[in-house]
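Notes to accompany the following structure.
We count ligands from 1, going down the list as the structure has it; atoms in each ligand are counted the same way.
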Amino acid sequence: MRTPTLMERAAGFGDLPAIISPSGTYSYAQLLAGSGRAAAGLLAGNRDLAEERVAFLAARDFVWPACQWGVWRAGGVAVPLSELHPPTEMAYAIKDSGAKTVVASAEYTDVLEPIAAELGVRFLLSDELLASPEADLPQIEPQRPALIVYTSGTTGAPKGVVSSHANLEAQITMLIEAWEWSAEDYILHVLPLHHVHGIINVLACALWAGARCRMLPGFDAQEVWRCLREEDLTLLMAVPTVYVKLIAAWQAAPAEEQQRMSAACKKIRLMVSGSAALPVSVLEKWEEISGHTLLERYGMTEIGMALSNPYRGERRPGTVGKPLPGVEARLVDEAGALVAAGESGEIQIKGPAVFKQYWQRPAETAESFVDDWFKTGDVAVVEDGYWRIMGRQSTDIIKTGGYKVSALEIEEVLRSHPAIAEVCVVGVADPEWGERVAAAVILGPGADLSLDELRAWGKERLAAYKVPSLLKLVAELPTNAMGKVTKPTVKRLWEEQA
Ligand code: MLC
Ligand code: AMP
């Protein structure tokens with residue numbers, strides 16, 4: 001029995017700055033003290049939350065890690081919510097995870113308090129929690145579940161990916177080793193905090209290393225450039241769309257400003273891209289602007305990071321490098337056999353970082369593994385030792401701006417519109433977003449609906465799915481010989497028109 005190492009390590013970093021956020025600068029000692037009080041408040045006199053789920057929605061500020069660590073130190077399972085999601089989606093995560101407590105920072109009270117009341121769960125304000133009197137905290141076994149992150153797939157509603165403290169520790173330490181994190185590092189955090197990229201790769205790695213993490217309240221290209229120029233940052237990690245937006249901001253700046261922006265990048269030791277394919281054109285443009293060859297890596301909520309280009313050595317454009325320390329990776333064909341050298345196959349991953357289970361979905365968990373290998377659904381080929389991602393097995397999974405969305409879920413929402421008879425949702429290639437969500441819709445007999453009306457109707461309902469900004473009304477959708485709508489054909493038609 002022991003306390004998770006992340007917190008043990010923090011004790012050793014004492015007064016070093018940990019979080020630099022809109023509300024101020026906080027040391028490791030303050031993070032331990034704040035999270036300790038949060039844990040005591042959550043426990044409310046009990047000895048251990050005993051794996052109770054705690055859903056929380058906190059600003060991208062000190063309060064976020066303080067709440068997350070508070071849940072962990074009380075023996076709970078952290079279920080991060082997203083401010084980008086509509087209330088129905090938040091309620092789904094709270095209900096599905098069986099959370100008995102919801103924590104919110106003040107700005108989210110209006111949205112979360114009514115949901116908590118409706119579901120009959122305890123509602124706590126983060127500020128009050130962080131001011132709770134101290135109490136004895138339990139020891140936490142590393143195999144206990146720590147985190148549930150919701151993710152969409154090709155079946156049913158979003159599933160909660162359960163990772164243990166030991167899984168997270170493995171996810172963190174492989175990156176610490178591979179990318180040579182140290183207490184000298186200072187990272188800029190520009191990503192959302194309901195996905196592993198922001199939670200693990202940026203925040204948790206920084207806190208493990210004793211480094212500084214500068215948390216921005218959201219992504220803003222001008223603000224990122226300001227931080228790059230004015231602060232002694234050493235690391236930047238983001239999705240390809242962020243780099244596309246930073247390139248656009250650089251291009252829009254006057255020439256002498258551009259020089260200062262480019263010069264500011266020189267002090268950074270590493271810039272990483274991941275969560276979606278990095279187009280070689282973006283890598284090259286960013287190299288021209290910043291002097292950095294982006295290090296591209298590949299990961300997934302269920303496994304953390306798995307493949308990475310090297311920190312030292314050749315970073316090969318268009319590839320995601322090689323397995324990270326402790327990761328076993330293989331490619332298999334549709335029959336489950338290992339592919340021959342140079343052939344493409346599904347990526348399967350094994351190792352201590354791989355998640356425990358989908359929350360309360362034993363059948364889906366079992367289907368996702370063969371022996372102990374997790375089936376990613378991504379297809380790759382190995383060329384000269386470097387792994388190249390070819391795409392996904394299913395056209396129903398779309399990656400837009402680094403977010404994974406399920407075409408099937410969007411179709412289900414659109415089908416609930418009374419005027420809609422048939423719908424087909426696909427991801428179409430896009431230089432800014434990687435893919436954009438495109439929906440082609442057939443109206444029922446005699447139905448009347450304009451594109452603007454449909455967009456207005458979908459604005460709130462589809463907010464969680466990153467906006468099918470490309471909506472189209474069509475008389476008919478192309479079908480195959482069986483009379484079924486074929487997604488690759490719809491996708492091709494969209495892309496031809498674009
Ligand atoms: C937003 N917009 C979109 C869009 N998202 N349009 C098309 N497709 C999309 N996906 C539109 C909005 O409607 C709005 O339009 C305008 O763009 C600005 O919206 P925004 O929300 O303010 O955008 P911005 O803040 O600039 O966000 C871009 C972003 C964000 C790239 C910063 O998408 C983001 O944070 N992505 C990261 C997601 C992430 O962390 N994924 C990791 C998953 S973990 P208008 O007309 O209103 O101006 C994982 C594992 C791994 O994948 O390997 O890491
Ligand atoms: P998520 O389910 O949100 O964790 O997203 C994981 C998915 O993102 C993976 O299954 C891949 O499809 C995709 N992904 C992550 N990194 C990369 C990358 N570097 N190149 C291509 N796809 C990636």
- Item | Test item, R297 contacting ligand 2 (heavy atom, 4.0 angstrom) | yes

- Message: When you compare the side chain of R60 with that of L193, does any pair of heavy atoms fall below 4.5 Å?
- Response: yes

- Taking the non-hydrogen atoms of E432, is any one of them nearer than 4.0 angstrom to ligand 1? no

- Message: Distance under 4.0 Å to a non-hydrogen atom of H197: what atoms of ligand 1 satisfy this?
- Response: 42 (C), 44 (S), 54 (O)

- Message: So if I count the atoms of ligand 2 from 1 in the order they appear, which ones are less than 4.0 Å from some heavy atom of T151?
- Response: 2 (O)

- Message: Please work out, at 4.0 Å between heavy atoms, whether the side chain, the backbone, both, or neither of K399 comes within that distance of ligand 2.
- Response: side chain

- Message: Taking 4.0 angstrom as the limit and counting only heavy atoms of V320, give me the atoms of ligand 2 inside it, by number and element.
- Response: 19 (N)

- Message: Please list the nearest protein heavy atom to atom 10 (O) of ligand 2 with its residue and the distance rounded to 0.1 Å.
- Response: D378 OD2, 2.5 Å

- Any side-chain heavy atom of V162 within less than 4.5 Å of one from F355? no

- If we only count N/O pairs under 3.5 Å, is H195 in contact with ligand 1? no

- Query: What residues form a side chain to side chain contact (heavy atoms under 4.5 Å, CB included) with D452, not counting sequence neighbours?
  - Reply: S450, R455

- Looking only at distances, please establish whether an N/O atom of ligand 1 is found under 3.5 Å from an N/O atom of V239. no

- Polar atom proximity, G274 to ligand 1 (N or O, under 3.5 Å): no

- Nearest protein heavy atom with distance in Å, relative to atom 21 (C) of ligand 2: A277 N, 3.3 Å

- Query: Does K404 approach ligand 1 within less than 4.0 angstrom via side chain, backbone, both or neither, non-hydrogen atoms only?
  - Reply: neither

- Can you sort out which atoms of ligand 2 are near E296, meaning under 4.0 Å from one of its heavy atoms? 18 (C), 19 (N), 20 (N)

- Of the protein's non-hydrogen atoms, which lies at the shortest distance from atom 16 (N) of ligand 2, and what is that distance? S275 N, 3.2 Å

- Query: Under 6.0 Å between ring centres, would you say that holds for H292 and W286?
  - Reply: no

- Nearest non-hydrogen atom to atom 6 (C) of ligand 2 belongs to which of G299, P240, G321? G299

- Region of T301 that comes within reach of ligand 2 [heavy atoms, distance under 4.0 Å]: both

- Say whether T376, considering both its backbone and side-chain N or O atoms, lies within less than 3.5 Å of an N or O atom on ligand 2. no

- Message: Quick check: W359 with Y150 (ring centres under 6.0 Å apart)?
- Response: no

- Task: State if P192 counts as touching ligand 1 under the rule of any non-hydrogen atom under 4.0 Å.
- Result: yes

- S406 side chain to L408 backbone, donor-acceptor under 3.5 Å: yes

- Message: Heavy atoms only, cut-off 4.0 Å: how does S273 contact ligand 2, side chain, backbone, both, or neither?
- Response: neither

- Note on the structure: Residues passing the salt bridge (charged side-chain N to carboxylate O under 4.0 Å, His left out) test with R226, sequence neighbours excluded, are E223, E230

- Any N or O of T301 closer than 3.5 Å to N or O of ligand 1: no

- Message: Nearest non-hydrogen contact with atom 31 (C) of ligand 1 belongs to which option: D430, I199, T241, V244?
- Response: T241

- Message: Once you measure the plane-to-plane angle for H85 and H194, does it fall in the parallel (<30°), tilted (30-60°) or perpendicular (>60°) bin?
- Response: perpendicular

- Which residue and non-hydrogen atom of the protein lie closest to atom 17 (C) of ligand 2, and at what distance in Å? A276 N, 3.6 Å

- Item | Expected output: side-chain E346 to main-chain D378 donor-acceptor under 3.5 Å | no

- Query: Which residue holds the protein heavy atom closest to atom 2 (O) of ligand 2, what is that atom called, and what is the gap in Å?
  - Reply: K404 CD, 2.9 Å

- Going by distance only, is there an N or O of G402 that falls short of 3.5 Å from an N or O of ligand 1? yes

- Task: Would you tell me which option among E302, M237, K399, E435 has the nearest heavy-atom contact to atom 52 (O) of ligand 1?
- Result: K399

- Message: Test your reading of the structure: does E302 have an N or O sitting under 3.5 Å from an N or O of ligand 2?
- Response: no

- Note on the structure: K245 heavy atoms within 4.0 Å reach ligand 1 at atoms 26 (O), 28 (C)

- Message: Looking at non-hydrogen atoms alone, which of Y243, Y403, W433 comes nearest to atom 23 (O) of ligand 1?
- Response: W433

- Is there a heavy atom in R392 that sits closer than 4.0 Å to ligand 2? yes

